[in-house]
Amino acid sequence: MTWSDVLAITAAGMVGFDPTGAIVAAAAISLGAKRRTLVALAVSCLVTISIVGTTATWIARVGFVSLDPSRYLPPARTLLYLEAGLGVILLVVGLLLALRPRRTHSEPAGRWLSPGPGMLSSAGLAVAGAVVALLLVVDAGFLLMVGLSVSLPTVIHPLAFLYWGAWSQILLLITVLATILDRRGRVVARLTKAIEGIRARTRTIAAVLLTLVGLIVLVKAVYRLGTLHLLGV
């Protein structure tokens, strides 16, 4: 494995950048997740990425699947334009809901915001981490990483995908690390206060979620379109 391989994997990780893990971690922190459960979330996510990526590379190496996603999907730009369009729609709907005239009577807090039994345990967040990792399987950055890994020695595939996953989930790792180092609880207090503010206005939660998801989808699509443009793809 050469420095050029490391740089290529780093670039693939940046292409596959995904904030979903960080959002899950922030929500878990605000609901009282312990440090060890956040570590379980991050570790599960990275290990799942390593296992799935290594398996996909081995399958691709023996020729069972094609590394060219165009055989199965529309062109990458078309998918990204559709993703950007979906983001705009979600964002607009969320903003329209947020601007809707508020009712004067008070509404009870939504019970669905309260974590269920085991949801914030180490096992619960480990499952969440695995789900976040599995969502990356159809990501352009993941497919690019599989293509790069085919030419690498088999024994380093797990480590290569761990490294790729660290770049892809860099926001998750920063969030977990900041929480571990936050001995005075300032990060936790701020996140908890923010979530409690949302809980106090349950009638606007749908608007907040739609706006947030729409913005994330739109930003990711624009970011990847810009990356494809720079790469000349």
Side-chain angles (χ1 to χ4, degrees), residues 5-26 41-61 64-91 126-152 157-176 212-233:
D5 293 326
V6 174
L7 291 175
I9 294 173
T10 302
M14 292 180 178
V15 172
F17 170 76
D18 182 73
T20 307
I23 295 173
V24 173
L41 170 67
V43 170
S44 173
C45 183
L46 293 180
V47 170
T48 303
I49 288 174
S50 180
I51 293 173
V52 174
T54 299
T55 303
T57 302
W58 290 349
I59 293 174
R61 175 173 281 184
F64 285 134
V65 297
S66 170
L67 294 177
D68 183 8
S70 63
R71 290 189 56 181
Y72 313 106
L73 300 172
R77 285 184 180 275
T78 301
L79 290 175
L80 290 176
Y81 283 129
L82 290 174
E83 184 177 348
L86 175 62
V88 171
I89 292 173
L90 292 174
L91 186 59
V127 172
V131 171
V132 169
L134 291 174
L135 292 176
L136 294 173
V137 172
V138 295
D139 186 89
F142 179 82
L143 295 175
L144 178 59
M145 180 58 192
V146 173
L148 293 172
S149 299
V150 169
S151 60
L152 298 176
H157 287 166
L159 289 177
F161 274 95
L162 279 176
Y163 180 73
W164 178 87
W167 278 104
S168 174
Q169 296 297 320
I170 188 67
L171 282 184
L172 168 60
L173 298 182
I174 290 174
T175 302
V176 173
L212 180 61
V213 172
L215 184 61
I216 291 172
V217 171
L218 179 60
V219 170
K220 285 177 62 179
V222 172
Y223 172 81
R224 289 171 182 169
L225 281 169
T227 303
L228 290 179
H229 177 73
L230 291 175
L231 294 175
V233 178

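Throughout, numbering of the chain's residues begins at 1 and tracks the sequence.
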Check Val176, Leu172, Val24 against Cys45 for a side-chain contact (heavy atoms from CB on, under 4.5 Å) and give me the one that passes. Leu172
Would you call the rings of Phe142 and Trp164 parallel, tilted or perpendicular, where under 30° means parallel and over 60° means perpendicular? perpendicular
Taking salt bridge (charged side-chain N to carboxylate O under 4.0 Å, His left out) as the cut-off, I'd like each qualifying pair that reaches into residues 157-171, sequence neighbours left out, listed once. none
Applying side-chain contact (heavy atoms from CB on, under 4.5 Å), can you list everything that pairs with Val222, at least two apart in sequence or on another chain? Leu218
Check: residues 127-139 side-chain donor-acceptor pairs under 3.5 Å, at least two apart:
unit_1, atom_1, unit_2, atom_2, d
Asp139, OD1, Arg224, NH1, 2.9
Asp139, OD1, Arg224, NH2, 2.5
Asp139, OD2, Gly141, N, 2.7

Heavy-atom distance under 4.5 Å between the side chains of Phe161 and Ile51, does that happen here? no
Considering residues at least two apart in sequence or located in another chain, which fulfil the side chain to side chain donor-acceptor pair (under 3.5 Å) criterion with Thr55? none
For Leu162, check side-chain contact (heavy atoms from CB on, under 4.5 Å) against everything at least two apart and list the hits. Leu46, Ser50, Leu159
So, for Ala25 and Thr175, which heavy atoms are closest and what is the spacing to 0.1 Å? CB-CG2, 4.1 Å
Does the His157 side chain pair with the main chain of Thr57, one donor and one acceptor, at a distance under 3.5 Å? no
Give every donor-acceptor pair under 3.5 Å between a side-chain atom in residues 14-21 and any protein atom, sequence neighbours left out.
unit_1, atom_1, unit_2, atom_2, d
Asp18, OD1, Thr20, OG1, 3.2
Asp18, OD1, Lys220, NZ, 2.7
Asp18, OD2, Thr20, N, 3.2
Asp18, OD2, Thr20, OG1, 2.9

I need the minimum non-hydrogen distance between Gly165 and Ile49, along with the two atoms involved. CA-CD1, 3.9 Å
